[in-house]
Amino acid sequence: MITLYGIPNCGTVRKARLWLADNGIEYSFHDYKKASLDEERLRAWIDELGWEALLNRRGTTWRKLPESIREGVNREQAIRLMLESPSIIRRPLLDTGEKRYLGFSEETYREILA
């Protein structure tokens, strides 16, 4: 089963969900804010994708952090930040069961879900 992780009010997540629905692809949606995220899963994603890729440095949540935290963030601090505030995780994250993909691109989704 395909799972899409994110937060429902994110524009990119909405685009991904609409694309999946329009293309008749069944999936489950995991809302980080409502269902949270367990540390084991997050660490597995980091092992696969890298913590730098998962950490959304463009969003409001990141920009609101004190500069001292943003400048010195490392893997373990990033994990703590992502667990405490899941909206700081780049989204959407598409889990096909075999591999995880960050962000949304119609071309990429078409290739992997064809």
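Scope of the values below: all heavy atoms of this structure, side chains included, with no hydrogens, waters or symmetry mates.
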Side chain proximity check, V73 to R57, heavy atoms < 4.5 angstrom: yes
message: Nearest 0.5 Å, please: how far is CG in D31 from SG in C10?
response: 11.0 Å
message: List the residues meeting ring pair (Phe, Tyr, Trp, His ring centres under 6.0 Å) with Y109, not counting sequence neighbours, and say none if there are none.
response: W19, F104
field: Gap separating the CG atom of L4 from the CG atom of L20, nearest 0.5 angstrom
entry: 6.0 Å
- prompt: Is the side chain of S85 donor-acceptor paired with the backbone N or O of I88 at a distance under 3.5 Å, no angle test?
  reply: no
- prompt: So, are R43 and E76 salt-bridged, with charged N and O less than 4.0 Å apart?
  reply: yes
- prompt: In Å, rounded to the nearest 0.5 Å, how long is the span from CD1 of I69 to CD of Q77?
  reply: 8.0 Å
query: Under 3.5 Å, is there a donor-acceptor pair between the side chain of H30 and the main chain of I7?
result: no
query: Do W45 and M82 have side chains that get closer than 4.5 Å, going by heavy atoms?
result: no
- request: Determine whether N9 and R14 make a side-chain contact, defined as any pair of heavy atoms from C-beta on separated by less than 4.5 Å.
  value: yes
- prompt: Taking atom types as modelled and ignoring hydrogens, do the side chains of T61 and S87 form a donor-acceptor contact shorter than 3.5 angstrom?
  reply: yes
Hydrophobic cluster identity match, L81 and L102, side-chain contacts under 4.5 Å: yes
field: Hphob cluster co-occupancy, L37 + Y101, side-chain heavy atoms under 4.5 angstrom
entry: no
- prompt: Under 4.5 Å between side-chain heavy atoms, hopping through other hydrophobics if needed: is there a path connecting L113 to F29?
  reply: yes
task: Could you grab the distance from atom CD of E48 to atom CG of L54, nearest 0.5 Å is fine?
output: 9.0 Å
query: Is R91 positioned over the aromatic face of Y32, cation under 6.0 angstrom from the ring centre and no more than 45 degrees off axis?
result: no
Salt bridge flag under 4.0 Å for residues R75 and D47: yes
- prompt: Among the clusters formed by ILVMFWY side chains lying less than 4.5 Å apart, do Y5 and L94 turn up in the same one?
  reply: no
query: So do R17 and P92 actually touch side chain to side chain, heavy atoms under 4.5 Å?
result: no
message: Before you tell me yes or no, could you show the steps for R63 and T60 under side chain to side chain contact (heavy atoms under 4.5 Å, CB included), namely the whole-Å CA-CA distance, both residues' side-chain angles and the distance that decides it to 0.1 Å?
response: CA-CA 5 Å; R63 290 192 303 262; T60 309; 3.6 Å; yes
- prompt: Could you state the interatomic distance from CZ (R41) to CG (L83), rounded to the nearest 0.5 Å?
  reply: 12.0 Å
task: Show the numbers, then the answer: is there a side chain to side chain contact (heavy atoms under 4.5 Å, CB included) between R90 and R58?
output: CA-CA 9 Å; R90 187 169 168 217; R58 295 183 191 169; over 6 Å; no
message: Nearest 0.5 Å, please: how far is NZ in K99 from OG1 in T96?
response: 8.5 Å
- line: Sorted by chain and residue number, the salt bridge (Lys or Arg N to Asp or Glu O under 4.0 Å) partners of E106 (sequence neighbours excluded) come out as R110
message: Please tell me whether L93 and I2 are part of a single hydrophobic cluster in this structure, the criterion being side-chain heavy atoms less than 4.5 Å apart.
response: no
